Amino acid sequence: MSFTLHGSGAGGGIAIGQAHLISSARLEVAHYEVKPGDIELEVMRFSMAVEKVRAELQELRRSVPASAPTELGAFLNLHLMILDDSTLSQAPRDLIRSLHCNAEWALVTQMDHLVAQFEKIEDAYLRERKADVVQVVERVLKALLHQPGRASAPSNEQGLIVVAHDLSPADMIVFKQHQYAGFVTDLGGVTSHTAIVARSLNIPAIVGAHSARQMVREGELVIVDGLNGVLIVAPDELVLEEYRKRQRELELGRQKLRRIRTTPATTRDGTAIDLHANIELPQDIEQVRDSGATGVGLFRSEFLFLNRDDLPSEDEQFEAYRHVAQAMRGMPVTIRTLDLGADKTVNGGARSGPNPAMGLRAIRLCLAEPQMFTTQLRAILRASNYGRIRLLIPMLAHAHEISQALALIDRARALLDAEGLPYDRGMEIGGMIEVPAAALSLGVFVRKLDFLSIGTNDLIQYTLAIDRTDDSVSHLYNPLHPAVLHLIALTIRTGKRMRIPVAVCGEMAGDVLLTRLLLGFGLRQFSMHPANLLEIKQQVLKSDLARLEQLANRILRVEDPQIALQLLDKLNA
Ligand code: PEP
Ligand code: MG
């Protein structure tokens, strides 16, 4: 029977395909049916993998040096105990036999069940042991992956729509190596980093679809309408035909837009607008070049730090930054220093602190970990010798944070000087305006920095006190809230008055309904997902600045959001 679920559209377009249920991309495992004659072979595959991990753990325990802390031995013993417990060693075998599924799927299904039980435990110490269960499962999965006799995973990814309960930004980034047709997650707000990465995959996606993972079955035909945030399960032929038609129209529109790829982004009255692109990983640069962007306005460098057990070395970071700088051939590349914390944690770790979005995140974390920060600063400075790199510092709120960050940059420069390593001595240093306190104390930013970039995703989160990752409050996420608009307009105008460039690099910059409003406030630099760039360019080409300023000012003055919307319609007409 057909039914519809609603969430928030996180990536444009329409995808039609078969649902593929997954638990987590970090533990991304294929799900396939095992033929009745092969069931016992599959059980044996599982047993061999468990055996292999047991041998590995025992070997590790033997090789622990006497000088190592006692916790290490205890930790290995705990993992051996978890591995030998029947809930992990026996239950998956039963699942393979009863569900006729592959070993990986049985193991992850059992893990989800165990993790859910751990989450109910009151004792905090015991509750945290769920992380150990996950680590043991990951070891067994790795062992399964390298085993011969593994049936092949479905290879028709292009026809699959991933349906998951929750995916972290680190999980999401793994999908860059895949070619799925679409994404649906139960949790997540529209500007969560999970949604942002989904958008950068340039495929239709929906976040906050509530119980999709529970209600959709593996292999079921679904339509993902990433524009309107609608998921249609088991559509009938009529609906299917309608969406196929819309899909064709959208594709046609995209092809038409490509004609303006090399057209300069200039308003009707001749003002040049910079349209830059946001990236997460160096490999995204292909898409940036293809979009006709004239620079990278935001390289979220922290994504280099996710999904790994160690921190990337200075050389590894240097290579990544140099690659982007060279690929952009003299166009500006704005590298944002680490914005770890909140929903982006290293090594798949748990979100830290009682309130991660307000905790030790971004520049706060970097100033608390000067070693890690200096490694990154050295890498960025060294790469600046190979292109036009600009450095951008996230989440600044205090004057002393700016001074301390600048002092560490000076120290990194001095270290490179002492080693005779070259770097661009004129590299510009900018700050993100994403905490209301920053927008309200711009003087110090303007005096100490070379440029500003407004991170509207966080600015909205912190101004309206809504967690951007929490879909239960996503209805309160409103870029048109007068307080938000005031802070944005104030920053743009102050920048103009003080002759310091201001960009917007949050999701608002890629929302075509807001382009004219931002232009009307005086914005001349936008940075967005490459996938949105041509649509925004088209809007710029059709806009007349003289008409926009007055209407934008009126929108700024109205208190009623409904009237603001009406005026916005007028602005966009
Ligand atoms: C923002 O906050 O708007 C921004 C661009 O940074 P991020 O989305 O990575 O927090
Ligand atoms: Mg931000």
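What you see is a predicted model, and the numbers here were worked out from it, not measured in a lab. Numbering of ligands and ligand atoms starts at 1, following listing order.
In this model, no donor atom of one side chain and acceptor atom of the other lie less than 3.5 Å apart for Asp569 and Gln566. In summary, the side chains of Ser200 and Glu280 do present a donor paired with an acceptor at a separation below 3.5 Å, with no hydrogens or angles considered. For the 3.5 Å distance criterion, the side chains of Lys537 and Thr263 fail to qualify, holding no donor opposite an acceptor.
Pairs engaging residues 371-401 under the ring pair (Phe, Tyr, Trp, His ring centres under 6.0 Å) rule: Phe318-Tyr386, His398-His400 [sequence neighbours left out].
Using a 4.0 Å cut-off between a side-chain N of Lys or Arg and a carboxylate O of Asp or Glu, Asp290 and Arg258 qualify as a salt bridge.
Cation-pi check for Arg425 over Tyr423 is met; the charged atom lies under 6.0 angstrom from the ring centroid and within 45 degrees of its normal.
In terms of modelled atom types and a separation under 3.5 Å, the side chain of Asp225 and the main chain of Val230 share no donor-acceptor contact.
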Which donor-acceptor pairs under 3.5 Å do the side chains of residues 375-382 make with protein atoms, sequence neighbours left out?
{"residue": "Thr375", "atom": "OG1", "partner": "Gln371", "partner atom": "O", "Å": "2.9"}
{"residue": "Gln376", "atom": "OE1", "partner": "Leu338", "partner atom": "N", "Å": "2.9"}
{"residue": "Gln376", "atom": "NE2", "partner": "Ser301", "partner atom": "OG", "Å": "2.8"}
{"residue": "Gln376", "atom": "NE2", "partner": "Tyr321", "partner atom": "OH", "Å": "2.9"}
{"residue": "Arg378", "atom": "NE", "partner": "Glu314", "partner atom": "OE1", "Å": "2.7"}
{"residue": "Arg378", "atom": "NE", "partner": "Glu314", "partner atom": "OE2", "Å": "3.3"}
{"residue": "Arg378", "atom": "NH1", "partner": "Glu419", "partner atom": "OE2", "Å": "2.9"}
{"residue": "Arg378", "atom": "NH2", "partner": "Glu314", "partner atom": "OE2", "Å": "3.4"}
{"residue": "Arg378", "atom": "NH2", "partner": "Glu419", "partner atom": "OE1", "Å": "2.9"}
{"residue": "Arg378", "atom": "NH2", "partner": "Glu419", "partner atom": "OE2", "Å": "3.4"}
{"residue": "Arg382", "atom": "NH1", "partner": "Glu314", "partner atom": "OE2", "Å": "2.6"}
{"residue": "Arg382", "atom": "NH1", "partner": "Asp315", "partner atom": "OD1", "Å": "3.0"}
{"residue": "Arg382", "atom": "NH2", "partner": "Asp315", "partner atom": "OD1", "Å": "3.2"}

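Among protein residues, His193, Ile196, Leu298, Arg300, Arg336, Asp339, Lys344, Arg361, Met432, Glu434, Gly455, Thr456, Asn457, Asp458, Arg468, Cys505, Gly506 come within 4.0 Å of ligand 1, judged on heavy atoms.
Less than 2.8 Å away from the Mg ion (ligand 2), the protein contributes these N/O/S atoms: Glu434 OE1, Asp458 OD2.
Counting non-hydrogen atoms of neighbouring residues, nucleotides and ligands closer than 6.0 angstrom, the NZ atom of Lys130 exceeds 12 such neighbours.
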